Amino acid sequence: MHDQLAASYPSHLATLRERADRTLVLGGFDHLLIAAGTPLRKFLDDQDYPFVANPHFRHWLPLTDAPGSWIAYTPGQKPRLIFVQPRDYWHVVPAAPHGYWVEHFDITIVRSAAEAIVLLPDGSRAVIAAACPGIDSLETSNPQPVLDYLHWHRSYKTPYELALMREASRIGARAHRAAEAAFRAGRSEFGIHLTYLAAARQTDAELPYSSIVALNQHGAVLHYTHFDRTPPAHSRSFLIDAGASAAGYASDITRTYAAPQAAEFQALIDSVDAAQQGFVAMVRAGQSYPELHIHAHHVLAGVLREHGFIRMSAESAVESGVSSAFFPHGLGHPIGLQVHDVAGFQQSEHGGSIARPEGHPYLRMTRVLEPGMVVTIEPGLYFIDMLLAELRDKPVSADIDWAKVDAFRQYGGIRIEDDVVCTGGAPENLTRDAFAHHG
Ligand code: GLY
Ligand code: MN
Ligand code: MN
């Protein structure tokens, strides 16, 4: 892993430098300045929220714990890292720069964020920084044309980035295996969560997003981030949506399991899983993502019909909004340095936005797939009381087998989520490969 990163980092950096050169010319700037950022202080407190470094900073360097530090890039020059290593005996200070990337930077170590700012080059500067205490004295312009350009190109992952995303997937898959075993052993949601963290060897704050660990009907809450401390009397079903991080890159993985006595639910999981693999196979250059999302509605409506939940055709289920009651979120989103990565709607490197198809307000990706993009494919079917109540009041209600629907509420729902790379040929499924790796 380390050798692979060391081998692929130089060309990754060269790519970022080219992109920076181009956006600086377009924007008429001399320097690109990227702040790692500073931790946010809790109100009326002396404690900070967990620190999350600026994704632009993490794009250049595998440094996630470098508050106050800056990258300063001037075309034609070696990029500079102004690295803050405070004199502090209260906390563990960030380790001095080391590893495969240091030789590619001019590194200056300073003792405070204020000292770092003084060292930034003067001139016309494109600054990419969150507005936060400690950098008030500096223009935090985040020029939109620069962000648009850099975000657009962030959609195309370099081989170095893909290596890190494979690693994030392997860590996630390893932890998912442990979580499944904890479910089968009858643990509580809280217990499963702790098992997951232990197997990932990551703290909650290090994960790319808050894990969803849902037993039984809790699977119907799309963003269920509560953790029951006591196990239910019977764990019939388990939906876990949990990822992992690798040097600032995310994985985003969902699996759904049934207890052995819940054969009817397992059968539905198997159908969603088969459908999901069909959608993954369509992650190919030239495929419109919103069209894939609509296709998913038709296929999932077919699954609902096959399993006897609905009696109308798949077409009319999609048309009448029935499929949206069972599948009420988007098929997926771009992923990378952020779990919901940037530029999912972007029209070009100069900005602009591609609208969502009408009636699909939660889709997070409207672009056409191209090689280098990484997206999630995460179809689901849920039994959500609120949405089912709305459905019951509509004329289509007559074509729904409510007894069957009601019998499945106890299982909550199903989501299967993989992270998939669009290539010049067949897609690379980071998630399935990672599960296979952990056999
Ligand atoms: N875990 C967040 C998502 O699936 O988008
Ligand atoms: Mn997810
Ligand atoms: Mn996702």
Side-chain angles (χ1 to χ4, degrees), residues 52 55 155 157 165 168-177 179-180 183 189 192-193 196-197 200 202 204-215 218-227 237-246 248-257 269 272-273 275-277 279-280 283 289-290 292-293 296 300 327-345 356 360-367 369 373-382 384 412-422 427 429-432 434-435:
V52 179
S155 305
K157 271 62 179 179
M165 292 189 75
S169 296
R170 282 193 290 264
I171 298 166
R174 182 177 76 215
H176 268 260
R177 291 246 188 247
E180 183 197 351
F183 157 66
E189 291 167 348
I192 297 170
H193 176 56
Y196 184 92
L197 293 177
Q202 297 190 356
D204 239 331
E206 286 165 339
L207 299 181
Y209 60 92
S210 303
S211 299
I212 294 166
V213 176
L215 293 172
H218 294 158
V221 182
L222 294 182
H223 283 169
Y224 178 82
T225 49
H226 181 77
F227 301 100
S237 61
F238 175 41
L239 185 156
I240 174 167
D241 183 346
S245 303
Y249 285 83
S251 60
D252 181 5
I253 303 171
T254 309
R255 288 292 182 269
T256 308
Y257 303 99
I269 293 173
V272 174
D273 190 68
Q276 192 265 4
Q277 295 198 55
F279 309 148
V280 167
V283 173
Y289 196 90
L292 187 53
H293 168 85
L300 291 170
F327 174 40
H329 59 73
L331 182 63
H333 49 85
I335 181 170
L337 286 161
Q338 291 164 275
V339 61
H340 297 147
D341 214 7
V342 290
F345 303 100
R356 297 180 175 100
H360 298 273
Y362 300 114
L363 186 59
R364 288 175 182 271
M365 169 72 175
T366 52
R367 289 173 62 183
L369 295 170
M373 289 182 175
V374 187
V375 293
T376 68
I377 296 292
E378 48 179 305
L381 286 178
Y382 310 85
I384 302 172
I414 298 168
R415 179 164 65 258
I416 312 281
E417 176 175 30
D418 291 346
D419 305 342
V420 185
V421 185
C422 180
N429 189 325
L430 298 174
T431 310
R432 303 254 172 186
F435 273 103

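Note that the coordinates shown come from a computational prediction; the quantities given were computed from them, not determined experimentally. In each ligand, atom 1 is the first atom listed, and ligand 1 is the first ligand listed.
Here the side chains of I192 and F238 are in contact, with some heavy-atom distance below 4.5 Å. Within the 4.5 Å cutoff, side-chain heavy atoms of S245 are placed close to those of Q202. The shortest distance between side-chain heavy atoms of P328 and Y362 does not fall below 4.5 Å.
Taking a cutoff of 4.0 Å between a charged side-chain nitrogen and a carboxylate oxygen, R415 and D252 do not qualify as a salt bridge.
When you scan the N, O or S atoms of D252 for the one nearest the Mn ion (ligand 2), you land on OD1. Take the N/O/S atoms of E417: the one nearest the Mn ion (ligand 2) is OE1. Of all the N, O or S atoms in H333, the one closest to the Mn ion (ligand 3) is NE2.
Distance check for E378 against the Mn ion (ligand 3): an N/O/S atom falls below 2.8 Å. At a threshold of 2.8 Å, the Mn ion (ligand 3) has no backbone or side-chain N, O or S atom of H340 nearer than that distance.
Taking the six-membered ring for Trp and thresholds of 30 and 60 degrees, F435 and H176 have ring planes more than 60 degrees apart, a perpendicular arrangement. Using bins of under 30°, 30° to 60° and over 60° for the plane-to-plane angle, the ring pair Y224/H218 lands in the parallel bin.
By the 3.5 Å distance cut-off applied to N or O atoms, H223 is not counted among the residues near ligand 1.
Those atoms of ligand 1 that come under 4.0 Å of a heavy atom in E417, given as number and element, are 4 (O).
Among protein heavy atoms, atom 5 (O) of ligand 1 sits closest to H340 NE2, 2.7 Å. Residue, atom and distance of the protein heavy atom nearest to atom 3 (C) of ligand 1 are D252 OD2, 3.2 Å.
Looking only at distances, no side-chain donor or acceptor of Y289 sits under 3.5 Å from a matching main-chain atom of G344.
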